[in-house]
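What follows is a short report on a single structure.
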Amino acid sequence: MVQTTAPAKNNPLKVWDKIEIVIDDNGDKGLYVTRIEDLAGQKIIASKPEFVEGNKLLASKARIFVQVKKPDAVYRLPARIEIISGDRDSRVVLIPLGRFERMQRRNFVRIDFEIDIRYTLIKGSDKKFMGGSPQWVKSKTLNISAGGLLVKTEDDVEKDDIIMIRIRGYEEMGVPRLMTALCCRIVQIQKENYAGVEFITSEKLSRFFTATELVSLPDQVKRFDSATQNKLVRYIFDQQVKARQKGLI
């Protein structure tokens with residue numbers, strides 16, 4: 001390995017750190033993981049990136065983001081990727097185009113909280129809009145934040161599906177009776193499937209639904225805006241306080 005150059009003072013990277021390479025190009029996304037082999041001046045030399053998910057391939061000269069997870073936060077750096085020509089190991093060079101930005105691990109605090117809910121698939125990952133009469137499935141949450149839920153599911157929900165949710169106790173939480181949420185991940189916990197879903201606020205609905213589909217959505221879905229989301233932030237904060245008072249956290 002080449003002699004390592006010390007990273008800059010504001011650079012959280014170290015040799016052999018695991019990093020993510022993220023591509024986000026007009027809706028096309030790609031996620032790759034790799035490890036740093038050397039820090040040479042302003043350049044980051046990394047091993048062959050391994051594909052994780054997405055539909056965007058790496059290409060030389062492409063603009064990407066370098067992400068590294070540290071105990072306090074996630075750090076992100078805009079960069080350009082260069083594929084080393086003739087390198088049998090397919091290493092890459094990442095050339096910074098700015099400075100690292102500190103990103104919070106989560107936008108909202110998440111707490112373990114079991115709530116009875118019902119959900120129905122409203123739009124599949126294939127972009128097919130269901131509409132019509134919803135087929136509600138009884139379920140429960142494992143945890144909750146103002147940003148979303150971890151929901152027990154069957155095999156009927158996949159990553160990138162959009163579901164509509166009815167939460168028991170929605171009035172107490174200060175949220176509408178119906179909300180939509182995007183499935184961001186599927187995990188198995190004790191051999192049961194759980195979907196990590198992110199609420200879609202009214203300001204973002206047009207990103208996921210066409211104008212025709214928006215007309216078909218229930219009015220309650222369109223009432224979950226940023227101001228309403230703040231009520232959920234307060235509700236979760238109050239639940240934390242109560243749990244601390246009981247010595248549960």
Side-chain angles (χ1 to χ4, degrees), residues 22 24 26-29 31 53-54 65 73-74 76 101-131 134 136-137 139-153 157-187 194-240:
V22 180
D24 191 344
N26 293 325
D28 292 328
K29 298 181 184 294
L31 174 64
E53 62 182 11
F65 290 102
V74 174
R76 172 178 274 204
E101 292 184 0
R102 184 177 184 277
M103 303 170 65
Q104 297 296 329
R105 284 188 175 276
R106 293 191 184 276
N107 291 328
F108 301 102
V109 173
R110 186 175 295 272
I111 61 171
D112 292 338
F113 200 57
E114 187 173 305
I115 312 170
D116 291 330
I117 72 162
R118 292 175 184 258
Y119 71 83
T120 184
L121 184 64
I122 191 72
K123 191 169 186 177
S125 56
D126 58 1
K127 310 303 180 186
K128 182 180 178 182
F129 183 68
M130 306 304 175
W136 294 102
V137 179
S139 184
K140 62 181 180 180
T141 65
L142 193 63
N143 58 46
I144 181 173
S145 80
L149 309 166
L150 189 60
V151 181
K152 185 178 181 299
T153 61
V157 178
E158 300 178 351
K159 187 176 181 298
D160 295 327
D161 283 349
I162 298 176
I163 61 175
M164 191 158 59
I165 299 171
R166 288 186 353 205
I167 300 179
R168 182 178 180 182
Y170 65 90
E171 292 172 315
E172 181 185 356
M173 295 180 184
V175 298
R177 186 171 67 90
L178 298 174
M179 296 182 286
T180 52
L182 173 69
C183 178
C184 299
R185 61 193 175 101
I186 299 291
V187 297
Y194 285 84
V197 302
E198 179 181 325
F199 294 132
I200 303 174
T201 59
S202 58
E203 298 92 340
K204 297 180 180 178
L205 284 172
S206 59
R207 298 184 188 178
F208 300 94
F209 298 96
T210 67
T212 302
E213 292 166 352
L214 283 172
V215 172
S216 301
L217 290 177
D219 288 340
Q220 297 99 321
V221 165
K222 303 166 191 176
R223 295 174 192 160
F224 185 65
D225 56 13
S226 298
T228 306
Q229 195 170 37
N230 288 334
K231 295 179 183 178
L232 192 51
V233 171
R234 181 65 192 180
Y235 175 83
I236 290 169
F237 175 78
D238 289 341
Q239 294 304 311
Q240 281 186 299

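Excluded from the calculations below are hydrogen atoms, water molecules and symmetry mates; all remaining heavy atoms, backbone and side chain alike, are included. Count residues from 1 along the sequence. Here the structure is a predicted model, which is why all the values come from computation and not from measurement.
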Could you state the interatomic distance from CE (M164) to OG1 (T180), rounded to the nearest 0.5 Å?
8.5 Å
For the residue pair L150 and V187, establish whether any side-chain heavy-atom pair is separated by less than 4.5 Å.
yes
Could you give the distance from OG (S145) to CD (Q229), rounded to the nearest 0.5 Å?
8.0 Å
Identify, with sequence neighbours excluded, every residue that meets side-chain hydrogen bond (donor to acceptor under 3.5 Å, both in side chains) alongside D225.
T228
Listed pairs under 3.5 Å, donor-acceptor, residues 202-209 side chains, sequence neighbours left out:
residue : atom : partner : partner atom : Å
E203    : OE1  : T201    : OG1          : 3.1
E203    : OE2  : S226    : N            : 3.1
E203    : OE2  : S226    : OG           : 3.0

Any non-hydrogen side-chain atom of L121 less than 4.5 Å from a side-chain atom of I162?
no
Looking at K159, I'd like to know if its NZ atom is crowded, meaning that more than 12 non-hydrogen atoms belonging to other residues, nucleotides or ligands lie closer than 6.0 Å.
yes
Evaluate the side-chain proximity of V157 to Y119: yes if any heavy-atom separation is below 4.5 Å, no if none is.
yes
Close side-chain approach of T212 to F129, heavy-atom, < 4.5 Å:
no
Candidate pair F224 and V175, rule side-chain contact (heavy atoms from CB on, under 4.5 Å), full reasoning:
CA-CA 7 Å; F224 185 65; V175 298; 4.1 Å; yes
Test: R177 cationic atom under 6.0 Å from Y170 six-membered ring centre, within 45° of axis:
no
Do I163 and V197 have side chains that get closer than 4.5 Å, going by heavy atoms?
yes
Step by step, work out the side-chain contact (heavy atoms from CB on, under 4.5 Å) result for Y194 and L142.
CA-CA 8 Å; Y194 285 84; L142 193 63; 3.9 Å; yes
Please confirm whether the backbone N or O of I117 pairs with a side-chain atom of S139, one donor and one acceptor, at under 3.5 Å?
no
Sidechain N-carboxylate O distance under 4.0 Å for D24, K29:
yes
Apply side-chain contact (heavy atoms from CB on, under 4.5 Å) to residues I167 and M173 and explain how you reach the verdict.
CA-CA 9 Å; I167 300 179; M173 295 180 184; 3.7 Å; yes
Could I get the full list of side-chain hydrogen bond (donor to acceptor under 3.5 Å, both in side chains) partners for K123, not counting sequence neighbours?
E213
To the nearest 0.5 Å, tell me how far D126 CG sits from E158 CD.
8.5 Å
Might you work through the side-chain contact (heavy atoms from CB on, under 4.5 Å) test for I165 and L149, ending with a clear yes or no?
CA-CA 10 Å; I165 299 171; L149 309 166; 3.9 Å; yes
